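The structure appears below as structure tokens.
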Protein chains: 2
Amino acid sequence: MSTSPATYHHGNLHDALVVAGLRALEGQEGKAPSLRELARVVGVSPTAVYRHFPDKQALDAALAQEGLKLLAKEQQTAAAKAGGGSAGFAETGRTYVRFALAHPALFRLMFTQGHPVADSDRPDEARALLTAYTQALASNPERAETLALQAWSIAHGIAMLMLDGRIPTDDALIDRLLNTENLFS
Amino acid sequence: MSTSPATYHHGNLHDALVVAGLRALEGQEGKAPSLRELARVVGVSPTAVYRHFPDKQALDAALAQEGLKLLAKEQQTAAAKAGGGSAGFAETGRTYVRFALAHPALFRLMFTQGHPVADSDRPDEARALLTAYTQALASNPERAETLALQAWSIAHGIAMLMLDGRIPTDDALIDRLLNTENLFS
DNA sequence: CGGTTAAAGTGAACGGTGTAAACATAGAGG
DNA sequence: CCTCTATGTTTACACCGTTCACTTTAACCG
């Protein structure tokens, strides 16, 4: 986010709303912020929002996109710190789940909201990172795609089940579940 | 569900609401039915609902529980038809994902709503089936638990990503992703 | 059989939501 | 300086979940 406070009150409401939205999503668990609440926080009337977003859903989409950027960044630094390669790839998955647990409401929003992603426009950075790693690690392109989707599914499943309280949010458990070498004993 | 229409209008509103709720969840995509809408369908005032459920959330919980029962039943018959064993276990996973795609709103509700499951009261039938299969297939109990959670995570991840439009809802893709033998080429 | 009582349903109301329509205001450009 | 357009505001509507006070109904029991 540019976070340019420049002229603020009269100025860039758009960014102010996104910032307020991200802040609110970090707040009390689970509850997604309402359009009116965000307008209140920013100090503006509810309908003013519609000058910058056609929908509540559009605002949510902006927040989700911001979340994806944030996730990709965390994954990249974590993978780099692990030295790349298969160790880096593994770190990517751990970071994915940890991100979900650290920002539950934002993570939910990133996937709950309408499915405009994976469309003609370029894929988000997180997904690009995923395909890059799998293509480097797999023997052939088709295996790479399968591996990518499988890895994504496992991480996403763990994240969701933990967020929904179906699985204890144990940090060691994350590692144990992500370690898929010889899945069958 | 007992579905006893017995005295109906004056009679068991409780079950009538659950039935209406399940029907509504099968209706137009994604949208969860509102309490008022369900009351309208059943032909009763909105506040009458509160004689049978303390909360909207309690109604949702009842619907979710019904959904879990339904899923468990489908999994059991599918596994039995496959002859049990590891083939039956695999069928369990496929059925899980297919169920999610066939009843998206219900499936979402089953997990979105508060996390009262996995508590002191006996686990739901679907989960019992999962642990039964994994304990029979794994070499030792700890491996069994890990296997159970991993299998669950993969299936759940696939289901969620497909529901959210992140992954094409291809039937062949489900099988490809669930086939985790030699995950790493 | 009849009367009491508790369960079950009603209506109005409150605060919340997203959104539309008509109106106001400021600030930039000619 | 005046105008026009971008950006706000006010009011209003239809929905939502929930509360409260009230009425009806049916069941139980003397």
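Chain identifiers are assigned alphabetically (A, B, ...) following the order of the sequence lines, protein sequences preceding nucleic acid strands; residue numbering begins at 1 within each chain. As a basis for the values below, the full set of heavy atoms in this structure was taken, side chains included, without hydrogen atoms, waters or symmetry mates. Just so you know, these numbers come straight off a predicted model, no measurement behind them.
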To the nearest angstrom, how far is [X] atom [atom1] from [N] atom [atom2]?
{"X": "Leu35(B)", "N": "dG17(D)", "atom1": "CG", "atom2": "C1'", "value": "7 Å"}
{"X": "Tyr50(A)", "N": "dT17(C)", "atom1": "OH", "atom2": "C1'", "value": "10 Å"}
{"X": "Glu37(A)", "N": "dC16(D)", "atom1": "CD", "atom2": "P", "value": "21 Å"}
{"X": "Asp55(A)", "N": "dA20(C)", "atom1": "CG", "atom2": "P", "value": "8 Å"}
{"X": "Arg40(B)", "N": "dG9(C)", "atom1": "CZ", "atom2": "P", "value": "18 Å"}
{"X": "Leu59(A)", "N": "dT17(C)", "atom1": "CG", "atom2": "P", "value": "14 Å"}
{"X": "Asp60(B)", "N": "dC16(D)", "atom1": "CG", "atom2": "C1'", "value": "13 Å"}
{"X": "Leu13(B)", "N": "dT25(D)", "atom1": "CG", "atom2": "P", "value": "15 Å"}

Glu37(A)/Arg40(A) salt bridge by N-O under 4.0 Å criterion: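 Looking at Glu37(A) together with Arg40(A), the answer is no, because their closest N to O distance does not fall below 4.0 Å.
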Selection from [options] that lies nearest to any side-chain heavy atom of [X]:
{"X": "Thr47(A)", "options": "dG8(D), dT10(D), dT18(D)", "answer": "dT10(D)"}
{"X": "Val44(B)", "options": "dT19(C), dT10(C), dT10(D)", "answer": "dT10(C)"}
{"X": "Arg51(A)", "options": "dG9(C), dT17(C), dA22(C)", "answer": "dA22(C)"}

Separation between CG of Leu68(B) and CE of Met110(B), rounded to the nearest 0.5 Å: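 Interatomic distance, Leu68(B) CG to Met110(B) CE, rounded to 0.5 Å: 4.0 Å.
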Rounded distance (nearest 0.5 Å) linking atom CG of Leu130(A) with atom CD of Gln135(A):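 Here the rounded value is 9.5 Å.
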Sugar-phosphate, base or nothing in reach of Ser34(A), heavy atoms under 4.0 Å: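 Here Ser34(A) touches the backbone only, sparing every base.
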His156(B), Gln75(B), Glu74(B) screened by side-chain hydrogen bond (donor to acceptor under 3.5 Å, both in side chains) with Tyr96(B), the one that passes: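 Testing each of His156(B), Gln75(B), Glu74(B) against Tyr96(B), the sole residue satisfying side-chain hydrogen bond (donor to acceptor under 3.5 Å, both in side chains) is His156(B).
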His14(A) and His52(A) aromatic ring geometry - parallel, tilted or perpendicular at 30°/60° bounds: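 Ring orientation of His52(A) relative to His14(A): perpendicular.
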Given DNA chain D, 5'-ward residue of the pair Arg36(A) and Val49(A), judged by closest heavy atom: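 The answer here is Val49(A).
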N or O in side chain of His52(A) less than 4.0 angstrom from dA6(D) OP1/OP2: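 No.
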